[in-house]
Amino acid sequence: MSEEQTKKKGFFQRLKQGLSKTQESLVGRVDALIKRGTVGEAFFEELEEILYLADLGPKTTTAIIENIRDRTERGDTEEDVIAGLKEEIRLLLQEEPAPLDIEGHKPYIVMVTGVNGVGKTTTIGKLGAHFREAGKSVLFVAADTFRAAAIEQLVAWGERVECDVIKQKQGADPAAVAYDGVTAAVARKVDVALIDTAGRLHTKDNLMEELKKIRR
Ligand SMILES: Nc1nc2c(ncn2[C@@H]2O[C@H](COP(=O)(O)OP(=O)(O)OP(=O)(O)O)[C@@H](O)[C@H]2O)c(=O)[nH]1
Ligand SMILES: [Mg+2]
């Protein structure tokens with residue numbers, strides 16, 4: 001195997017490992033909880049914590065807990081309650097996330113926002129790679145003009161997955177960069193434009209408002 005192939009395999013293996021981590025930790029922790037205790041208030045509390053930590057979100061977590069509580073209250077045996085819980089989680093892991101449907105919008109514009117360090121820029125890189133592999137033209141827009149080296153980070157991703165990057169200098173107005181990016185995306189007739197933003201809560205609303213205005 002060439003060095004390039006080894007590197008490539010390593011990347012996808014790491015990606016796969018990263019993705020399966022959520023499932024392993026969720027299934028593993030629920031399994032440990034079931035083996036350890038009886039179904040009671042402490043059980044529900046710990047289950048809730050596990051589901052939250054696995055990023056299931058409040059809606060799904062509450063739905064599962066309610067369902068299990070209902071089973072307990074209507075007098076199901078502990079065995080049935082646990083079987084029910086296992087079934088809930090099995091169904092959950094089976095669900096396919098809805099694919100990003102980019103057809104019908106050209107360019108399809110995604111602005112990625114979130115708090116600091118949650119993986120916005122990495123997600124843009126991976127989405128870029130995904131769309132490039134599907135034969136789409138992709139443009140990255142470096143509207144995180146705040147954090148040091150944020151632009152360079154996106155440029156590095158751009159080189160890696162072969163996407164052009166629209167950028168200005170660090171400290172530039174993020175809305176202006178986004179505007180440039182959208183204009184370029186339209187002019188170049190690209191399929192997808194992915195806009196990176198700075199992870200700052202207090203500026204995020206402003207930036208989003210400004211972006212809404214720009215797109216109108
Ligand atoms: N384990 C794991 N690490 C990740 C994942 N996505 C990103 N990271 C790492 O988390 C760190 C931050 O990722 P970024 O993509 O820079 O996050 P960001 O939201 O753009 O950060 P800011 O721009 O500083 O707000 C990096 O070290 C990434 O390698 C992921 O899915 N799993
Ligand atoms: Mg970033």
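Numbers here are sequence positions counted from 1. Counting starts at 1 for both ligands and their atoms, following the listed order.
Ala150 does not count as a contact of ligand 1, since none of its heavy atoms falls under 4.0 Å from the ligand.
A salt bridge between Arg90 and Glu87 is present, with a side-chain N of the basic residue lying under 4.0 Å from a carboxylate O of the acidic one. Under 4.0 Å is where a charged nitrogen must lie from a carboxylate oxygen, and between Asp31 and Lys35 at least one such pair does.
Considering both main-chain and side-chain atoms, Val118 comes within under 3.5 Å of ligand 1 through a nitrogen or oxygen pair. Between Thr197 and ligand 1, a contact under 3.5 Å exists for no N or O pair.
Ligand 1 places these atoms under 4.0 Å from at least one heavy atom of Asn116: 25 (O). The Lys120 neighbourhood of ligand 1 comprises atoms 15 (O), 17 (O), 18 (P), 19 (O), 20 (O), 21 (O), 22 (P), 25 (O), with distances under 4.0 Å to a heavy atom of that residue. Proximity to Asp144 (heavy-atom distance under 4.0 Å) selects the following atoms of ligand 1: 23 (O).
Note on Gln153: not counted as a metal contact of the Mg ion (ligand 2), no N/O/S atom lying under 2.8 Å.
Within 6.0 Å of NZ on Lys106 lie more than 12 heavy atoms contributed by other residues, nucleotides or ligands.
Sorted by first and then second residue, the pairs that involve residues 105-133 and meet ring pair (Phe, Tyr, Trp, His ring centres under 6.0 Å), not counting sequence neighbours, are His105-Tyr108.
Looking at every heavy atom in both residues, Leu139 comes nearest to Gly181 through CD2-O, 3.8 Å.
Summarising the contacts of atom 15 (O) of ligand 1 with Asp196, Thr122, Thr123, Ile124, the nearest heavy atom is found in Thr122.
The closest side-chain heavy-atom distance from Phe44 to Thr72 is below 4.5 Å.
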